[in-house]
2 protein chains.
Amino acid sequence: MENIDQFYPQLSGITPEAKADLGKAIKTFTAKKGQFLLKKGTVCQHLYFINQGLCKTFFLKGDKPFIMRFFTEDAIFTVLDSFVNQLPSTYSIYALEPTTYTCLSSAALLSLCQKHHCIETFYRKLVSNASINMMKRISELLEDNASERYADFVKEHRELLQRISLGDLASYLGITQVSLSRLRAAR
Amino acid sequence: MENIDQFYPQLSGITPEAKADLGKAIKTFTAKKGQFLLKKGTVCQHLYFINQGLCKTFFLKGDKPFIMRFFTEDAIFTVLDSFVNQLPSTYSIYALEPTTYTCLSSAALLSLCQKHHCIETFYRKLVSNASINMMKRISELLEDNASERYADFVKEHRELLQRISLGDLASYLGITQVSLSRLRAAR
DNA sequence: CGTGTTTTTTTTCAAATGATAAAAAATCAC
DNA sequence: GTGATTTTTTATCATTTGAAAAAAAACACG
């Protein structure tokens with residue numbers, strides 16, 4: 001049984017029984033830099049919690065990569081469409097740094113949800129927050145040009161800048177790394 | 001008490017008691033074309049279900065509008081960040097056609113969630129689907145240029161094309177309507 | 001330290017999109 | 001139906017971004 005407290009600093013209102021059951025259901029792993037936590041084409045079976053490290057979720061269009069999001073310490077995430085619908089994922093999850101992560105399977109989560117209302121509430125809040133983050137990302141993609149999106153990212157995630165490559169940042173912003181290099185030079 | 005059946009063709013697994021309580025909590029309204037269901041700066045207090053009509057959620061950058069999404073018959077939606085965090089919305093909801101819609105307040109939903117586990121499950125699934133839709137939208141904004149996004153929209157929402165103006169579609173795609181007119185002419 | 005690899009920058013040219021203005025077409029109000 | 005208003009198209013020019021290739025810099029590691 002894992003130390004459950006690490007898994008939910010963001011959780012509140014979990015009953016002791018639910019906490020105990022959750023602790024039995026989770027398992028911790030490590031990935032080296034460059035390893036895949038999930039490969040596209042396979043079903044995303046887990047909710048992931050990052051204890052330590054940095055990952056990206058990304059997909060390819062042809063050979064051009066696009067990054068959906070970066071996840072770092074204390075983030076809880078999954079590839080939602082694959083996870084919910086149990087369909088092969090079009091996204092991969094990739095460790096950009098040596099990463100320690102804790103997993104909760106879809107099956108376990110659903111059964112915990114049925115047994116403990118408070119877990120369902122946790123899951124609902126988790127997905128709500130994911131949605132809110134995505135709304136913000138959509139707004140930025142719509143209203144800002146690449147240069148503004150870069151400035152925004154620097155402002156909001158300055159600490160991440162040191163940890164990700166220019167190429168990965170470009171893939172996140174939806175531009176080529178050459179364009180990003182040009183943007184960066186322009187100031 | 002409203003006819004609840006219209007409100008949840010998408011729901012399954014709702015108990016009769018929950019259904020009855022839900023029926024007591026909802027209320028139906030109409031909006032004329034051009035009316036606001038929600039004005040930016042006010043807190044989004046409701047979950048909306050569209051019985052009939054067409055709405056857009058949008059925001060302004062300066063005087064340039066951007067459309068987050070269109071909602072039509074049987075859609076259930078809200079402005080999630082405002083709704084969840086009870087903060088003033090940066091988005092407005094606007095009726096593009098005469099619209100009949102049914103509302104469920106945030107307070108009522110939360111209390112229904114506490115009372116009926118199945119309502120919390122419904123809410124969780126609702127937000128999950130919203131998230132999945134947004135993931136898809138982010139992917140499209142990242143990987144496709146305006147011309148591909150337009151072609152995608154035509155393919156996926158041909159029925160909507162007749163109901164929305166070129167300007168609104170451009171605001172949804174994140175380009176100017178002059179650009180969209182040019183794209184359309186190019187084929 | 002040196003060499004091979006990866007990442008970032010620079011350059012040039014082409015294509016896509018924005019801004020502005022104006023014309024044309026469609027729609028609306030009465 | 002007619003004039004006013006709104007929507008869509010067309011045109012021109014400026015800016016942004018992409019594509020490709022090459023140079024420079026940073027990094028990995030024997």
Side-chain angles (χ1 to χ4, degrees), chain A residues 32-36 54 56 58-67 70 94-98 138-154 157-158 160-187, chain B residues 32-36 54 56 58-67 70 94-98 138-154 157-158 160-187:
Chain A
K32 294 183 190 158
K33 175 175 171 172
Q35 280 188 338
F36 286 84
L54 174 64
K56 63 177 175 183
F58 76 99
F59 64 97
L60 298 175
K61 180 188 189 180
D63 56 353
K64 226 170 138 185
F66 295 92
I67 292 178
F70 298 104
Y94 177 95
L96 294 169
E97 295 177 0
I138 292 171
S139 295
E140 285 170 359
L141 285 168
L142 283 176
E143 71 182 322
D144 295 340
N145 61 21
S147 143
E148 293 171 308
R149 295 206 299 279
Y150 172 66
D152 265 19
F153 188 91
V154 170
H157 306 285
R158 185 175 302 281
L160 262 187
L161 268 191
Q162 328 301 331
R163 297 169 73 179
I164 62 182
S165 73
L166 185 81
D168 275 334
L169 180 49
S171 299
Y172 177 84
L173 297 175
I175 58 177
T176 64
Q177 79 221 66
V178 174
S179 290
L180 180 52
S181 177
R182 180 163 38 198
L183 283 180
R184 196 178 250 177
R187 40 189 74 225
Chain B
K32 293 181 190 158
K33 175 174 173 173
Q35 280 188 338
F36 286 84
L54 174 64
K56 64 177 175 182
F58 75 100
F59 63 98
L60 298 175
K61 181 189 188 180
D63 55 354
K64 227 171 138 186
F66 294 92
I67 292 178
F70 299 104
Y94 178 95
L96 293 169
E97 295 176 0
I138 293 169
S139 296
E140 285 170 0
L141 285 168
L142 283 176
E143 71 182 322
D144 295 340
N145 60 24
S147 141
E148 292 171 309
R149 296 206 299 280
Y150 172 66
D152 265 19
F153 189 92
V154 171
H157 306 285
R158 184 175 303 280
L160 262 187
L161 268 191
Q162 329 301 331
R163 297 169 71 179
I164 62 183
S165 73
L166 186 82
D168 275 336
L169 180 50
S171 299
Y172 177 85
L173 297 174
I175 58 178
T176 64
Q177 78 221 67
V178 174
S179 289
L180 180 51
S181 178
R182 179 162 42 195
L183 282 181
R184 195 178 249 178
R187 43 188 71 225

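Every heavy atom of this structure was used, including side-chain atoms; hydrogens, water molecules and symmetry mates were not. A, B, ... follow the sequence lines: proteins, then strands. Residue 1 opens every chain.
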Item to complete: Could you check whether the rings of A:Tyr94 and A:Phe58 sit parallel, tilted or perpendicular, using 30° and 60° as the cut-offs?
Response: perpendicular

Discussion item. Side chain of B:Ser165, heavy atoms from C-beta onward: which of C:dT20, C:dG18, D:dT8 has the nearest atom to it?
Written reply: D:dT8

Worksheet entry | Between D:dA19 (P) and A:Ile175 (CD1): distance, integer Å | 12 Å

Worksheet entry | Check against side chain to side chain contact (heavy atoms under 4.5 Å, CB included), A:Phe59 and B:Ser139 | CA-CA 9 Å; A:Phe59 64 97; B:Ser139 296; 3.8 Å; yes

Worksheet item: Does OP1 or OP2 of C:dT9 have a side-chain N or O of A:Ser181 closer than 4.0 Å?
Response: yes

Worksheet item: Atom CG of A:Asp168 to atom P of C:dT7: distance rounded to whole Å?
Response: 9 Å

Practice prompt. Starting from the C-alpha separation in whole Å, work towards a yes-or-no answer on salt bridge (charged side-chain N to carboxylate O under 4.0 Å, His left out) for B:Glu148 and A:Lys61.
Written response: CA-CA 13 Å; B:Glu148 292 171 309; A:Lys61 180 188 189 180; 3.0 Å; yes

Worksheet item: If you check the A:Ala146 side chain, which of D:dT9, C:dT17, D:dT17 turns out closest?
Response: D:dT17

Worksheet item: Roughly how many Å is it from CZ in B:Arg182 to P in C:dT20, rounded to a whole number?
Response: 14 Å

Fill in: Value in whole Å for how far the P atom of C:dA26 lies from CD of B:Gln162
15 Å

Worksheet item: Where the side chain of B:Asn145 is defined as all heavy atoms beyond and including C-beta, which of C:dA19, C:dT10, C:dT17 is the nearest nucleotide?
Response: C:dT17

Worksheet item: Using a cut-off of less than 4.0 Å, is there contact between a side-chain N or O of A:Lys64 and OP1 or OP2 of D:dA19?
Response: yes

Worksheet item: B:Phe153 vs B:Phe70 aromatic rings, parallel, tilted or perpendicular, using cut-offs 30° and 60°?
Response: perpendicular

Worksheet item: Could you give the CG-to-P distance, from A:Leu141 to D:dT17, as a whole number of Å?
Response: 13 Å

Worksheet item: What is the distance, rounded to the nearest whole Å, between atom CD of A:Glu148 and atom P of C:dG18?
Response: 12 Å

Practice prompt. For the pair A:Leu173 and A:Ile67, evaluate side chain to side chain contact (heavy atoms under 4.5 Å, CB included) and give the outcome as yes or no after the intermediate values.
Written response: CA-CA 8 Å; A:Leu173 297 175; A:Ile67 292 178; over 6 Å; no

Item to complete: Among the candidates D:dT8, C:dT9, D:dG18, find the nucleotide nearest to the side-chain atoms of B:Leu166.
Response: D:dT8

Worksheet entry | B:Leu183 CG to C:dT17 P, straight-line distance once rounded to whole Å | 6 Å

Fill in: Which nucleotide in D:dT12, D:dG18, C:dT9 has an atom nearest any side-chain atom of A:Thr176
D:dG18

Response to the item:
Judged by nearest nucleotide, the residue sitting upstream toward the 5' end of DNA chain C, B:Gly174 or B:Lys33, is B:Gly174

Practice prompt. Return the nearest nucleotide to the side chain of A:Val178; candidates are D:dT8, C:dT9, C:dG18.
Written response: C:dT9

Worksheet entry | Integer-rounded Å distance: C:dT7 P and A:Arg184 CZ | 14 Å

